[in-house]
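Scroll down for the structure; my scribbles are underneath it.
A, B, ... follow the sequence lines: proteins, then strands. Residue 1 opens every chain.
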Amino acid sequence: MSSALLEDLRDRGLIFQIAGEEQLPDWLDGGPRTLYCGFDPTADSLHIGSLVPLLTLRRFQLAGHKPLALVGGATGLIGDPSFKAAERQLNTPQVVAGWTEKIREQVSRFVDFEGANAAEVVNNLDWTGNVDVLSFLRDIGKHFSINAMVQKESVKQRLEREGEGISFTEFTYMILQSFDFSELYQRYDCTLQIGGSDQWGNITGGIDLTRRRFGGQVFGMTLPLVTKADGTKFGKTESGTIWLDPDRTSPYAFYQFWLNTADADVYRFLRYFTFLSVEEIAAIESADSERQGRPEGQGILAEQVTALVHGDAGLTAATRITGALFSGEMTALSADDFEQLRLDGLPSSEITAAAMPPTLTQLLTEAGVVASGKQVKDALGRGAVLINGVSVDAGQNNDPRTCFNPVASLHNRYFLLRLGKKKYHLFVLK
RNA sequence: GGAGGGGUUCCCGAGUGGCCAAAGGGAUCAGACUGUAAAUCUGACGCGCGAGCUUCGGUGGUUCGAAUCCACCCCCCUCCA
């Protein structure tokens with residue numbers, strides 16, 4: 001444990017703001033400290049946006065500190081308004097409770113529960129669930145100045161922007177989260193909270209409350225918002241959010257996401273999302289800059305992050321599919337290979353000659369290859385649909401039987417359909 | 001409770017009786033170029049192979065014709081009480 005950790009975090013660009021900057025290095029050097037980061041159950045899985053704080057918790061643990069992963073069973077019932085453009089829909093307590101459990105399992109994979117600085121998962125519903133309103137208002141609410149709260153940048157647009165407002169419920173979120181920090185200080189001697197840069201207001205609120213309730217000095221640190229060089233939102237693709245849950249985003253799709261990282265982002269992402277040292281990453285970058293053609297950074301990034309999130313088995317599956325599809329030689333695949341690809345998470349569907357839809361557009365839409373038939377039509381018109389490597393022309397749209405003629409199948413049952421450069425779908429004849 | 005301003009296709013945002021499936025931008029998809037990049041150019045972008053069908057907060061109405069006009073309702077914002 002040492003402020004060397006802070007140095008490393010800084011080198012990685014992982015420090016956005018620190019509350020208590022002068023004292024924090026010495027504080028961390030002074031012994032194992034307990035820190036926490038909260039994850040609200042707003043869905044049944046976290047997405048890669050939560051990866052930076054999750055991995056940062058782990059970095060602290062590797063440096064000898066004790067991480068608490070807080071699952072927001074209580075705060076998830078309220079909704080964090082920070083920098084959100086609009087009021088959010090409340091979910092039922094049952095739903096949130098279910099999600100809380102899923103998130104609890106998920107965050108557990110990123111920290112170590114063994115050893116002297118074993119991690120713990122805590123749920124803020126445990127200490128807020130039974131607080132009565134009057135106590136809360138008298139003991140906690142009194143410490144908060146509305147005048148200060150409305151000054152917070154995180155809610156400003158909701159207060160000032162024409163067309164949107166904020167409910168008392170969401171406005172109170174900050175108080176709840178501040179309460180968490182002070183309770184964790186009391187219960188676990190937790191003295192540092194980390195979170196995304198949007199959490200600054202909530203974190204400083206917790207620091208103030210801890211001082212007012214217990215006279216304790218605690219620290220806060222925010223991590224940068226992950227951005228992309230082209231300005232589009234990080235973590236989204238056409239098929240939607242990249243989730244950590246393999247049932248929502250397969251390890252293959254997950255791997256592909258990272259593999260497709262832009263050159264302008266890849267070394268920064270290596271620093272954010274992997275445990276490779278900054279020196280190693282710098283070496284990769286300089287090697288890439290001297291190489292002609294495709295850089296190696298993306299491949300390393302994809303490998304590292306997929307292994308972190310989905311384990312070695314997930315990574316193996318992802319690279320197996322990637323290798324098979326993008327090497328160009330699908331005819332070299334055995335029947336077993338195809339079965340394995342299905343199990344590994346290559347999107348696939350079963351078809352029968354008897355129940356063949358009348359058009360390819362319909363077939364591909366139903367299989368979930370694309371969102372609408374228009375996209376198939378467009379792709380067909382440009383020769384971008386290939387079945388087992390053979391281009392399908394637009395005129396064949398009305399004739400899927402010919403396209404999926406058993407005679408043309410691989411191993412008598414497999415059709416590997418490619419749409420565009422990157423979308424693959426396996427059709428299996430029954 | 002009163003006065004005023006709003007709710008348009010994924011997002012932002014034009015559109016005030018027909019030329020509107022609805023400008024423009026963004027996002028997204030496909031093609032060319034490449035490295036399964038970026039930038040650029042091209043095409044698509046409510047649904048449908050198609051004929052056609054369904055949209056502009058909701059429900060009714062006026063009209064040959066409504067996102068546009070009217071009535072009522074729902075929701076949001078601002079100010080006043």
Need the pair for [N]. Rule: Watson-Crick or G-U wobble, both distances under 3.5 Å, any strand; none if unpaired.
| N | value |
| --- | --- |
| B:C79 | B:G2 |
| B:G46 | B:C53 |
| B:U62 | none |
| B:A14 | none |
| B:A38 | none |

Quick one: [X] [atom1] to [N] [atom2], roughly how many Å, whole number?
| X | N | atom1 | atom2 | answer |
| --- | --- | --- | --- | --- |
| A:D263 | B:U36 | CG | C1' | 12 Å |
| A:E366 | B:C47 | CD | P | 15 Å |
| A:L360 | B:G48 | CG | P | 14 Å |
| A:D393 | B:A30 | CG | P | 20 Å |
| A:F326 | B:G35 | CZ | C1' | 12 Å |
| A:L301 | B:U36 | CG | C1' | 15 Å |
| A:L386 | B:U36 | CG | P | 15 Å |
| A:N398 | B:A51 | CG | C1' | 13 Å |

Taking the [atom1] atom of each, how far is [N] from [M], in whole Å?
| N | M | atom1 | result |
| --- | --- | --- | --- |
| B:U28 | B:C11 | P | 15 Å |
| B:G18 | B:U63 | C1' | 11 Å |
| B:C75 | B:G58 | P | 15 Å |
| B:A22 | B:A67 | P | 12 Å |
| B:C53 | B:U9 | C1' | 16 Å |
| B:U55 | B:A66 | P | 12 Å |
| B:C10 | B:C77 | P | 23 Å |
| B:C79 | B:G57 | P | 25 Å |

Looking at A:T232, I'd like to know whether one of its side-chain N or O atoms comes within less than 4.0 Å of OP1 or OP2 on B:A27.
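So the side chain of A:T232 is outside the cut-off, no N or O lying under 4.0 Å from OP1 or OP2 of B:A27.
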
Hey, does the side chain of A:R294 come within less than 4.0 Å of B:U36's phosphate (OP1/OP2), counting only N and O?
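Yes, such a contact exists.
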
Do [X] and [Y] sit within salt-bridge range, that is, some charged N less than 4.0 Å from a carboxylate O?
| X | Y | value |
| --- | --- | --- |
| A:R342 | A:E350 | yes |
| A:R291 | A:E296 | yes |
| A:D378 | A:K374 | no |
| A:E339 | A:R320 | no |

Could you please name the option among [options] that lies closest to any side-chain atom of [X]?
| X | options | answer |
| --- | --- | --- |
| A:K374 | B:A30, B:U36, B:C45 | B:C45 |
| A:A384 | B:C49, B:A30, B:U34 | B:A30 |
| A:Q256 | B:A37, B:U36, B:C49 | B:U36 |
| A:L419 | B:A30, B:A37, B:U36 | B:A30 |
| A:K422 | B:G31, B:A37, B:A44 | B:A37 |
| A:L259 | B:C49, B:U36, B:A38 | B:U36 |

Taking any heavy-atom pair under 4.0 Å as a contact, classify [X]: base, sugar-phosphate, or nothing.
| X | value |
| --- | --- |
| A:Q298 | base |
| A:T322 | base |
| A:K377 | sugar-phosphate |
| A:N397 | sugar-phosphate |
| A:K233 | nothing |
| A:P295 | base |
| A:T359 | base |
| A:A264 | nothing |

Could you please spell out the steps behind the salt bridge (charged side-chain N to carboxylate O under 4.0 Å, His left out) verdict for A:D139 and A:R213?
CA-CA 9 Å; A:D139 301 341; A:R213 284 181 77 194; over 6 Å; no

Let me know, please, whether A:T261 or A:S372 comes out on the 5' side of the other along RNA chain B by nearest nucleotide.
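The 5'-side residue here is A:T261.
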
Mapping A:Y255 and A:G420 to their closest nucleotides on RNA chain B, which lands nearer the 5' end?
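Between the two, 5'-proximity favours A:G420.
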
Is there a donor on the side chain of A:D378 or the base of B:G31 sitting less than 3.5 Å from an acceptor on the other?
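Counting by modelled atom types and ignoring angles, no donor-acceptor contact under 3.5 Å is found here.
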
Can you tell me whether the side chain of A:K421 and the base of B:U34 have a donor-acceptor pair closer than 3.5 Å?
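Flag set: donor-acceptor pair detected.
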
Kindly say whether the aromatic ring centers of [X] and [Y] come within a distance under 6.0 Å.
| X | Y | answer |
| --- | --- | --- |
| A:Y267 | A:Y272 | no |
| A:F427 | A:Y414 | no |
| A:W243 | A:F254 | no |

With A:F110, the side chain to side chain contact (heavy atoms under 4.5 Å, CB included) member among A:L46, A:L51, A:L57
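That would be A:L51.
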
